[in-house]
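Written below as structure tokens is the structure these notes are about.
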Amino acid sequence: DVACDWSSDVCSSDLDELDPERSEQVFEDFKKAYTANQAIVEANRCLYCSDAPCITACPTGIDIPSFIRKISTRNTEGSARTIFASNILGMSCSRVCPVETLCVGDCVFNEMGVPPIQIGKLQRYATDMAFEKDWTFFEAGADTGKSVGIVGGGPAGLAAAHRLRRFGHAVTIYEKRDILGGLNTFGVAPYKMRADAALSEVEWVMSIGGITVEHGVTIPETHSWDDLLGKHEAIFLAFGLGPDTRLELPGSNLDGIVGAVDFIEDFKLKAMDLSAVKQAVVIGGGNTALDAVRELRGLGVPEVTLAYRGAEDQMGGYAHEWSAGKDEGVISAFNLQPVAYEGQGQVDGLRVVRTDADKKPIPGSAHTLPAQLVVLAVGQSKLGELVSDLDGVETKWGRVVTTESGQTGHPRVFAGGDCTNGGKEVVNGVAEGRDAAIAIHSMISEA
């Protein structure tokens, strides 16, 4: 294990660990940042609704009218404070949230035939300014003598850690990787946010001090659950999801068949040479698949096909993401079911059959999609088996079962993020980590 105390200079910056030649750097922001004048003009369009539906639509419940009004009066510091009070990862959420289906999607202007307020871009303006000016809004609370162990250093774990430190509890994050950030660092499409921005946010969050990190930790090999329960008054589980789900078909052993999560992580953190790939196929219809096809186009692959076994309107991915993919030249191949990978050593095609309206194969419709790279975006495995010997903790469909406050069947064990919700948005993980921290504080303060 490598233990780091973020209240001292023991840890070098995670930013120093990033490969300066990593391929994600070819991407520019898909949604450009506002200038000061643009932000103020947009903020002045807001009606500042007293019963604002945008607040209800935000999983972290940010007081959106309040932070926008402060931008309109040039009180950007106050605006950022309002955002971070509810969502300490407000900078990354301003970039990665699907605002079209959350706050912006519920703006009252949508019902008036008027363009909705660009809440995400306004949030980015205020939070980026906070980072640029190095504004500090929160301090660690007085030492309570109590400690909490957090398993996983992604958005849910970081949100919980920060809130617990504000309460004055000691915190140790147990992380299997060498750097923190979870999905934000390793999995977010770089046209939304690159790894360096994610790690800058990690350092900003951790600057509250008093958070120790143990890297290279796997449970139960490195620490048993009994070990952790013996060291801490409470544990928060935030270990996310597991590896990509494999689509086992004839030819699965060929080179050039990769999981989407592994693929995205590789080019975000390292240099990737795709010069030999002229045609790529992504299998799936969810948001990860839509990210992958857009990323492949951005990395210079000439022909990228999205292969999905259902119809276009049956895809689980967001319509606005698919619209962007089509604009970027992604080829659609709907109602196709993969049946085999083709090639000799290296994949050179995906064998598919057409499907009917019920997604059932149509006899005699088999054909091959040429591809030197096949990316599987058909889901990730769940890690519920990790808690199989943790007394009182139940799982359902591989997810850890909790109450609304994040408490499991074990009174001292809480959970949140993807390991409980199955893979929702970053903002959901932040909300669940924050709320679990509040519940943990209540529980251990009464003990």
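The analysis underlying the following values was restricted to heavy atoms, covering all of them including side chains, and did not include hydrogens, waters or symmetry mates.
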Is it the case that more than 12 heavy atoms not belonging to [X] sit under 6.0 Å from its [atom1] atom?
X: Gln346; atom1: CD; value: yes
X: Arg194; atom1: CZ; value: yes
X: Lys231; atom1: NZ; value: yes
X: Lys192; atom1: NZ; value: yes
X: Lys31; atom1: NZ; value: yes

Exercise for the section: Starting from the C-alpha separation in whole Å, work towards a yes-or-no answer on salt bridge (charged side-chain N to carboxylate O under 4.0 Å, His left out) for Glu233 and Lys146. Expected result: CA-CA 6 Å; Glu233 275 71 28; Lys146 307 280 180 75; over 6 Å; no
Handout entry: Residue of the set Arg163, Glu446, His169 for which side-chain hydrogen bond (donor to acceptor under 3.5 Å, both in side chains) holds with His441
Key = His169
Keeping the roles fixed (side chain from [X], backbone from [Y]), state whether a donor-acceptor pair exists under 3.5 Å.
X: Ser442; Y: Ile438; value: no
X: Arg177; Y: Gly216; value: no
X: Ser381; Y: Pro243; value: yes

Does the side chain of [X] come under 3.5 Å of the side chain of [Y] through a donor N or O and an acceptor N or O?
X: Thr288; Y: Asp291; answer: no
X: Thr218; Y: Glu221; answer: yes
X: Glu312; Y: Ser332; answer: no
X: Glu201; Y: Ser92; answer: yes
X: Asp273; Y: Ser275; answer: yes
X: His215; Y: Glu175; answer: no
X: Arg309; Y: Thr355; answer: no
X: Lys70; Y: Thr82; answer: yes

Exercise for the section: Could you please spell out the steps behind the ring-ring contact (aromatic ring centres under 6.0 Å, His included) verdict for Phe167 and His162? Expected result: CA-CA 9 Å; Phe167 289 133; His162 191 275; over 10 Å; no
Practice task
Keeping to residues at least two apart or across chains, list the side-chain hydrogen bond (donor to acceptor under 3.5 Å, both in side chains) pairs with something in residues 403-432.
Solution key: Tyr318-Glu425, Thr403-Ser405, Thr420-Glu432, Asn421-Glu432
Exercise for the section: Report yes if some heavy atom in the side chain of Phe186 is under 4.5 Å from a heavy atom in the side chain of Ile179; otherwise report no. Expected result: yes
Problem - Lys/Arg cation over aromatic Phe138: Arg166, 6.0 Å, 45° cone - result: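 Yes, a cation-pi geometry.
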Handout entry: Output field: ring centroids Trp204/Phe84 closer than 6.0 Å
Key = yes
Problem - Shortest non-hydrogen contact from Val99 toward Gly120 - result: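 In this case the closest contact between Val99 and Gly120 is CG1-CA, 4.1 Å.
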